[in-house]
Number of protein chains: 2
Amino acid sequence: MKVTINDVAKLAGVSMKTVSRVINKEPSVRKKTYDIVMDAVNTLNYQPNLAARNLAGTSSFTVGLVYDNPNAYYVIDMQNGVLSRCKEEGYELVIHPCNYLDGNMEEDFKTMIKRSRLAGLVLTPPLSEQNSIIDMLDEMGIHYVRVLSGRPTEEDQDTCIYVNDYAAAYEITSHLLSLGHKSIGFLCGDKEHKSTTERLEGYQAALKDHSISMNDELIYEGQYSFESGVEGAKALLGENNPKNITALLGGNDEMAAGALFASRLMGIEIPQQLSITGFEDSPFSRQTWPKLTTAHQANDVISQHAARLLFRKTRGARNQDKDIITTFTPSLVVRESSGPTTA
Amino acid sequence: MKVTINDVAKLAGVSMKTVSRVINKEPSVRKKTYDIVMDAVNTLNYQPNLAARNLAGTSSFTVGLVYDNPNAYYVIDMQNGVLSRCKEEGYELVIHPCNYLDGNMEEDFKTMIKRSRLAGLVLTPPLSEQNSIIDMLDEMGIHYVRVLSGRPTEEDQDTCIYVNDYAAAYEITSHLLSLGHKSIGFLCGDKEHKSTTERLEGYQAALKDHSISMNDELIYEGQYSFESGVEGAKALLGENNPKNITALLGGNDEMAAGALFASRLMGIEIPQQLSITGFEDSPFSRQTWPKLTTAHQANDVISQHAARLLFRKTRGARNQDKDIITTFTPSLVVRESSGPTTA
DNA sequence: TAGAACATTGACAGCGTTGTCATTTTAACT
DNA sequence: AGTTAAAATGACAACGCTGTCAATGTTCTA
């Protein structure tokens with residue numbers, strides 16, 4: 001019933017070490033031997049036992065995905081991406097949600113690592129931006145790949161996957177500008193997040209390039225939540241929209257949805273009286289009314305590349321994956337929540 | 001740096017087997033010995049190595065969570081619930097998203113099980129309802145716990161956690177009835193899902209108890225998706241709402257949101273002209289406008305109990321967790337999408 | 001064609017636990 | 001106190017694999 005490396009070895013007529021070499025794709029196995037062994041592997045439908053591999057080897061076959069993110073869509077996408085690569089490479093994934101504010105994060109990490117020695121970690125924002133965590137991991141000698149907001153200029157392409165929020169925000173803002181909007185509000189997330197400052201700078205750069213003067217009063221800092229989107233829209237639009245805002249950039253889809261909600265309460269027609277845009281293209285940007293214009297962020301693809309990058313680091317010479325993309329730029333998706341100014 | 005069971009044994013002045021007994025909470029360890037060992041465990045901050053335990057032991061310390069569900073909120077909640085129990089009990093979780101239509105599910109399962117022998121599986125709908133899968137698992141001798149839609153009458157309380165959708169639908173429908181609605185439409189999911197028939201029967205029972213005659217034309221079968229909610233509302237409400245529908249029961253929040261969207265397109269005011277209710281109380285039932293009246297389903301708690309049930313089965317005598325709840329009834333949450341009939 | 005250099009394979013220990021079974025200690029009886 | 005049963009502990013192999021290093025095969029050089 002249970003087939004081990006020995007069974008394969010016996011059937012192939014080689015030592016178990018040779019089978020081990022084959023399944024680990026080690027060099028210096030004759031092509032012919034390789035084929036014989038693979039035949040045996042296939043006829044027996046052999047699956048190497050992960051526990052044994054992790055115990056015996058110096059390297060491990062489990063990777064961790066660490067996140068502290070309230071956005072279910074985001075987490076699922078990241079998870080699926082990493083998982084799909086793991087499956088292909090025979091790794092297993094242990095997920096590790098955590099709460100940065102908990103404080104005992106360090107202990108938490110250590111426990112996780114002791115329990116199952118890890119090949120490496122995929123870190124997602126906002127954890128991936130926390131220097132204290134990075135330092136800790138470096139100190140512990142743990143491999144990791146960070147997914148974070150940034151631009152191609154930042155060249156740590158061995159451990160980072162960048163999401164170019166700057167460019168995406170620039171594009172969305174340009175879209176709004178080309179529609180004729182001049183007074184564009186920005187509902188940003190909290191400034192602790194790198195994505196917030198990146199998106200903000202993209203927004204500002206676009207305005208500048210279109211010779212529109214900046215106005216800090218058009219910027220509202222929230223927390224990337226639906227509620228703060230509601231609050232932000234109320235704050236910015238005020239009683240009678242004194243700032244003559246005709247478009248609102250949501251820091252993410254949730255905030256945009258919140259703004260949509262608030263507009264409704266205030267009796268504002270979207271997009272006739274106000275354009276609203278989101279960010280990320282999560283499923284519910286398609287489930288609002290009207291549907292949100294947003295920037296599509298391919299989280300599943302991003303996380304797949306993050307996993308590939310991790311495997312490349314982890315397995316050194318055995319894996320020279322060359323086609324890893326390390327910078328992703330979310331792309332504009334125009335839907336019904338944005339339109340030309342009527343003014 | 002790396003502390004093993006031997007280090008603990010040495011410090012405690014006992015054999016490693018005794019330490020093993022202590023960390024596994026085996027009986028027949030003297031209280032005094034137990035304390036000494038635990039002290040050593042704590043001062044050394046010992047964490048048993050999972051790979052070694054899985055390899056050496058007959059039982060395993062990893063559980064699997066299997067799902068084929070497009071709802072990110074649901075999956076995350078289930079995951080977190082199971083994970084929190086795993087953490088407490090020292091288990092690790094491997095998640096296994098799958099696509100039932102893929103066909104090669106069986107192979108898939110077998111591979112997963114071979115790679116890391118599993119203590120057991122937590123199955124979520126719709127997989128948990130698939131008899132072919134259950135049979136397969138029984139045949140393979142794999143422990144599992146199923147989370148599925150059902151009522152207390154069904155008494156497989158050793159392997160099943162029931163979500164009483166029937167009662168919840170009854171309650172929601174009653175809520176609508178008490179508001180004065182008489183012609184209530186139902187946007188149900190596809191009938192393949194047990195939750196669909198359960199919710200449908202609850203709806204029908206409530207109507208019956210209020211002496212309202214049934215009308216199959218008030219029922220639209222969709223797929224639990226936003227889009228099918230849109231379609232359903234259009235179909236039911238038609239050109240001029242010929243059926244005089246004043247309330248619409250969504251099979252889940254997404255369908256309700258879809259119905260909300262469609263109503264908007266048709267210029268129908270919610271809740272003045274039409275009440276709409278959801279099911280599940282997922283985050284976006286709070287992010288629609290108006291917010292959805294729905295039935296709160298505590299998925300995280302449900303999955304925690306599922307995990308506990310699994311552990312009880314798995315560890316037999318060593319674990320006699322008695323406070324496991326095996327039936328959960330989602331509870332009505334009244335928000336702004338439902339109101340009295342104006343007719 | 002001998003010998004060196006290199007490529008390929010194998011024997012065996014060891015990874016950190018748990019299971020088995022033997023041994024020692026304690027408790028419970030005459 | 002002496003015996004016996006039961007409880008508590010320990011010694012050691014085994015889990016299925018990989019790392020190390022030695023052994024064998026192959027190819028190349030002169």
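A note on names: the letters A, B, ... follow the listed sequences, proteins ahead of strands, and every chain is numbered from 1.
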According to a strict under-4.0 Å criterion, is A:S20 in side-chain N/O contact with OP1 or OP2 of D:dT18?
yes

So that I know where these two stand, are A:F311 and A:Y91 an aromatic pair - ring centroids less than 6.0 Å apart?
yes

Using the side-chain heavy atoms of A:A56, tell me which of these nucleotides is nearest: C:dT18, D:dT9, D:dC17.
D:dC17

A:L55 side-chain proximity, nearest of C:dC15, D:dC12, C:dA13
C:dC15

Closest-nucleotide mapping onto DNA chain C: is A:K17 or A:S28 further toward the 5' terminus? I mean the 5' end.
A:S28

So with a 6.0 Å cut-off around CD of A:E107, is the heavy-atom count from everything else above 12?
yes

Partners of A:R53 by side-chain hydrogen bond (donor to acceptor under 3.5 Å, both in side chains), sequence neighbours excluded?
A:N24

Which of residues 40-51 of chain B have a heavy atom under 4.0 Å from DNA chain C?
B:Y46, B:Q47, B:P48, B:N49

Hey, is the side chain of B:S15 poking within less than 4.0 Å of OP1 or OP2 on D:dG10, counting only N and O atoms?
yes

Nearest heavy atom decides the nucleotide; on that basis, is B:R30 or B:G57 closer to the 5' end of DNA chain C?
B:G57

What's the angle between the local helix axes at either end of the helix from C:dT1-D:dA30 to C:dT30-D:dA1, using five pairs per end and rounding to 10 degrees?
30°

Determine the interplanar angle of the B:H96 and B:F109 rings, folded into 0 to 90°, and report it as parallel if under 30°, tilted if 30 to 60°, perpendicular if over 60°.
perpendicular

Within the 4.0 Å heavy-atom criterion, would you say A:K114 contacts the bases, only the backbone, or no part of the nucleic acid?
nothing

Taking only N and O in the side chain of A:K2, is any of them less than 4.0 Å away from OP1 or OP2 of D:dC15?
no

Could you check which of C:dG10, D:dG16, D:dG10 has an atom nearest any side-chain atom of A:R21?
C:dG10

Side-chain N,O (B:N24) to OP1/OP2 (C:dT18) below 4.0 Å:
yes

